[in-house]
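Here is how names work: the chains are called A, B, and so on, in the same order as the sequence lines, proteins then strands, and each is numbered from 1.
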Amino acid sequence: MSGDLIECESGLLPIGSAVLCLDLVEAVFQQALATRSLFKRREVLLPDYEPDCILHRDEELRAFAQILAPALRGDRILNAMLFGLPGTGKTVVARYVLRRFASVARAQDRSVRVLYVNCRVEGSEYKVLVAMCRGLGVDVPSTGLAKAELYARLFRAVDARGGAVIAVLDEVDAVYRPGESQLLYLLTRMNESTRRGKLSLTIISNSVTFKELMDARERSALFEEEILFHPYTFEQLYDILKHRAELAFRESVVPEETLRYCAAIAAKEHGDARRALHLLRVAGELADRAGAPQVTPQHVDAAIAAVDRQVVRSALASLPIHAKLVLLAVARLCYQRGSDPTSGEVFAYYARLCRERGLRPRNERTFRSIVANLDLYGLVTARLESRGRYGRTRRIHALVTPEEVEAALCSER
DNA sequence: CTTCCACCGGAAGTACCGGTAA
DNA sequence: TTACCGGTACTTCCGGTGGAAG
């Protein structure tokens, strides 16, 4: 190796394009040094930040604290359900109350163990059980065991340590389909077979349909308490943004109108505080990079576009190869003729694309599932249409350009 | 009124993968 | 080594179905 770049620090001249390159990078660093960031504590706006004070959720905080409180006296606590739309404060309330609960319990020397598991992060029922076991200090293999064995080990762990275990399963709808799995049933019935230890369960769900899907008998038998989280109103979102902005940004870099604008956008989208904070953060980053003195509503508009683009790009990138090819077929057909192709036409085109690449096309049924998934991800819209004598089909419309799909396809290999 | 097209989408089964236990 | 585990991707099979044409 030549080591030109390292040597240049000690006085030797770098060769050729390295000079240019060095100046370019140097300029970025120098600018960063010369201008002050608009941020004071950027992490305050990140989704996993746990605030010290939670605004506009007094009812919910009190209700959840009341559910947990009996455990401090050694009594059994009731199983609970927290539900509401995304960004309505469920997770933040639950984690806050759990944190405070744990510290009080520790001070009182109570033998209470708190487990918090995010089911979406874990990804499957099996992995949720693994996380629970490990949370209780039992090492279990991350795969390979029968579920029944895992339940048995969890039972034993709860019983062996005695006292109460409070388990909170966040985003439970990610791994639990009512009727398909016995997860919640088995966990809530665990107390009947343990003698010393007691397990209490709190589940958190984003999905409103989840509650309806779970049949009423099951629900009332398993969960004695329910807390509903309503969407934040415009005023509440504004307060939250104002509070966080004061912590996150230097003084007077975020004008009132920017906060109001962010709040208004999030209020329109079912009062999602997470979305509002995300927009504010990205707007701040864009303003920072542009060297602007303030974060303006124009930066928020740019943030919306940037976030949307990013969502599309990462959704595209994570698609399996056949989904990308189906999407490319839809995008090309839409683009070429300016109208939406039918399901049959797209399948024929997709099959051709596969053969061109030496791939075996998936069959028609799988193809329909792929289209249904693309629809779910918001990359296409597929509406059912009846053409009478000429049958029924789906009209599939691409929401991305052929170029975007081709770019994603290129990175495939 | 019936027929019949061009699909739809649920159910069940198969194959495979990365892993464990004995 | 063998038998088995859960999860995922895919296939096979097949009973629907809205509405223009006849």
*Check whether any side-chain nitrogen or oxygen of Arg387(A) sits under 4.0 Å from OP1 or OP2 of dC4(B), and answer yes or no.*
no
*Just say parallel, tilted or perpendicular for the rings of Tyr350(A) and Phe347(A), cut-offs at 30° and 60°.*
tilted
*N or O in side chain of Thr366(A) less than 4.0 angstrom from dC10(C) OP1/OP2*: no
*Quick one: is dT12(C) close enough that its OP1 or OP2 comes under 4.0 Å of any side-chain N or O from Asn363(A)?*
yes
*Using whole Å, report how far CG of Leu150(A) lies from P of dT20(B).*
13 Å
*asked:* With a 4.0 Å cutoff (strictly under), does any side-chain N or O of Lys127(A) reach OP1 or OP2 of dG6(C)?
replied: no
*Given atom CZ of Arg360(A) and atom C1' of dA9(C), what is their separation to the nearest angstrom?*
11 Å
*Nearest whole angstrom, please: distance from the C1' of dG19(C) to the CD of Glu385(A).*
12 Å
_For atom CZ of Arg362(A) and atom C1' of dA9(C), their distance in whole Å_ = 8 Å
*Once each nucleotide of nucleotides 8-13 of chain B is scored for protein heavy atoms under 4.0 Å, what B/S/- sequence comes out, 5' to 3'?*
BBB---
*Using distance alone, with no hydrogens and no angle criterion, decide if Ser103(A) and Arg99(A) have a side-chain donor and acceptor under 3.5 Å apart.*
no
*Examine Arg95(A) relative to Tyr116(A) and say whether NZ or CZ is less than 6.0 Å from the centre of the six-membered ring and inside a 45° cone about the ring axis.*
yes
*In terms of side-chain heavy atoms, does Asp301(A) have a donor or acceptor partner in Tyr261(A) at a distance below 3.5 Å?*
yes
*Rounded to whole angstroms, how far apart are CZ on Arg389(A) and P on dA6(B)?*
8 Å
*Which pairs count as salt bridge (Lys or Arg N to Asp or Glu O under 4.0 Å) when at least one residue sits in residues 126-143 of chain A, sequence neighbours excluded?*
Arg134(A)-Asp139(A)
*Report yes or no: is the cationic atom of Arg332(A) (NZ for Lys, CZ for Arg) closer than 6.0 Å to the six-membered ring centre of Tyr335(A), at no more than 45° off its axis?*
no
*Would you please name every residue forming a ring pair (Phe, Tyr, Trp, His ring centres under 6.0 Å) with Phe249(A), sequence neighbours left out?*
Phe39(A)
_Atom-pair distance (NZ on Lys147(A); P on dT20(B)), nearest Å_ = 18 Å
*Glu149(A) has an atom CD; how far is it from atom C1' of dG19(B), in whole Å?*
15 Å
*Expressed in angstrom and rounded to an integer, what is the separation of Leu319(A) atom CG from dA9(C) atom C1'?*
14 Å
